[in-house]
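I have placed the structure first, in the form of structure tokens, so that the comments after it can refer back to it.
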Amino acid sequence: MVELNIIQKIAVWLVPVLLAITVHEVAHGYVARRFGDTTAYMLGRLTLNPFKHIDPVGTVLVPAFMILTIGIAFGWAKPVPVNFSHLRNPKRDMAIVAVAGPAVNLIMAILWAVIAGVAMRLVQAQLSFLEPLVLMGVAGIFINTVLMVLNLIPIPPLDGGRVAVGLLPGKWAWYLSRVEPYGIWILVVMIITGVLGLIIWPSLLFMLKILAPITSIPLFNIFRILNSLGVPFG
């Protein structure tokens, strides 16, 4: 695998990252609208225009720095506003709205695997100019899997925390919801102590093993691609 410079790495990551965060947020708003809350729709947030969802620091600078240094993307977009009191069944619907984001990240990881597989077959058929699409497909699998696993951690304000609040009995749900102001600091501690990596890396490896056959790329070569993209994996 040819070593990529920083501009080439950014070019490969740009589309997968923007799609991962944009579709994730739109999914929350779309499902909320289906269950009775039109807040995101009225504010024009049900759009695939990434500029409506990008937080310059949380969406661009922090994830790029972390991918290129420690290989784990941690960041945030502008949250799609949801007024849970407008939902028809607030407790249940809150959990469904929350899980919609990670669910679309799983779907996108699978779609990127299909794209990588098609591109890989075309590259093998001497269409070598499509090799960047193979790299982009692997990057798409990576970023969507990381976002899915990260957001399913049951700590508010992450999606997994909101799902847990929606599923737990009243008293326990209230206790967990009180953690939300401290959730970001809990994540920072998890990053510093390496606990977050212990959660994300095994989950990523599991997903890669499942999706590798779709990509037509041996698992070892997927590791090499991730390494070439700045991810110290494998």
Side-chain angles (χ1 to χ4, degrees), residues 1-24 50 54-55 57-77 101-102 104-120 123 130-153 158 187-188 190-234:
M1 181 63 60
V2 177
E3 186 173 348
L4 304 178
N5 61 43
I6 185 66
I7 301 300
Q8 291 170 322
K9 289 178 182 178
I10 292 174
V12 170
W13 284 107
L14 186 61
V15 172
V17 169
L18 288 180
L19 280 177
I21 62 165
T22 299
V23 180
H24 177 106
I54 286 176
D55 180 296
V57 175
T59 305
V60 181
L61 296 180
V62 172
F65 174 77
M66 295 192 71
I67 286 173
L68 295 175
T69 54
I70 66 174
I72 296 178
F74 173 70
W76 57 90
V104 297
N105 286 130
L106 174 60
I107 293 170
M108 283 191 287
I110 296 170
L111 291 176
W112 278 115
V114 172
I115 290 171
V118 172
M120 188 65 189
V123 168
L130 290 175
E131 185 174 337
L133 194 55
V134 176
L135 304 182
M136 196 175 292
V138 174
I141 295 171
F142 176 86
I143 191 64
N144 280 284
T145 298
V146 170
L147 286 178
M148 177 185 69
V149 175
L150 174 64
N151 278 285
L152 285 176
I153 295 174
L158 296 178
L187 284 175
V188 169
M190 291 174 68
I191 292 171
I192 295 173
T193 59
V195 172
L196 188 62
L198 293 177
I199 295 172
I200 289 180
W201 290 122
S203 303
L204 178 61
L205 179 59
F206 175 75
M207 284 294 294
L208 290 177
K209 287 180 178 178
I210 292 177
L211 297 178
I214 300 176
T215 67
S216 301
I217 306 171
L219 193 58
F220 176 76
N221 285 339
I222 290 180
F223 295 160
R224 291 180 61 203
I225 291 173
L226 287 173
N227 287 331
S228 75
L229 293 175
V231 181
F233 193 92

Criterion side chain to side chain contact (heavy atoms under 4.5 Å, CB included) on Asn144 and His24, from CA distance to verdict: CA-CA 9 Å; Asn144 280 284; His24 177 106; over 6 Å; no
Please evaluate residues Ile107 and Val23 with respect to the criterion side chain to side chain contact (heavy atoms under 4.5 Å, CB included), reporting the C-alpha separation (whole Å), side-chain torsions for both, the decisive distance (0.1 Å), and the verdict.
CA-CA 11 Å; Ile107 293 170; Val23 180; over 6 Å; no
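Across Trp201 and Val231, no two heavy atoms sit closer than the pair CH2-CG1, 3.8 Å. Between Ala109 and Met207 the shortest heavy-atom distance is CB-CE, 4.5 Å.
The line from CD1 of Ile217 to CE of Met120 is 5.5 Å long, rounded to the nearest 0.5 Å. Residue Lys209 holds its NZ atom at 12.0 Å from CD1 of Ile222, rounded to the nearest 0.5 Å. Rounding to the nearest 0.5 Å places CG of Leu152 at 10.5 Å from CG of Leu147. Atoms CG and CZ, from Leu208 and Phe223 in turn, are 6.0 Å apart once rounded to the nearest 0.5 Å. Here the CE atom belonging to Met108 is positioned 10.5 Å from the OG1 atom belonging to Thr145, to the nearest 0.5 angstrom. Residue Asn221 holds its CG atom at 11.0 Å from CG of Asn227, rounded to the nearest 0.5 Å.
Applying the side chain to side chain donor-acceptor pair (under 3.5 Å) test to every pair with at least one member in residues 14-23, sequence neighbours left out, gives no pairs at all.
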Side-chain polar contacts of residues 133-143 - donor-acceptor pairs under 3.5 angstrom, sequence neighbours left out - could you list them?
none

Mind listing the side-chain donor-acceptor pairs of residues 193-200 below 3.5 Å, one per line with the distance, residues two or more places apart or on another chain?
residue	atom	partner	partner atom	Å
Thr193	OG1	Val189	O	2.8
Thr193	OG1	Met190	O	3.4

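Contacts of Ser216 classified as side chain to side chain donor-acceptor pair (under 3.5 Å), with partners at least two apart in sequence or in another chain: Arg121. Residues that satisfy the side-chain contact (heavy atoms from CB on, under 4.5 Å) test with Ile214, not counting sequence neighbours, are Ala113, Val114, Leu211.
Within the 4.5 Å cutoff, the side chain of Val15 has heavy atoms near those of the Trp112 side chain.
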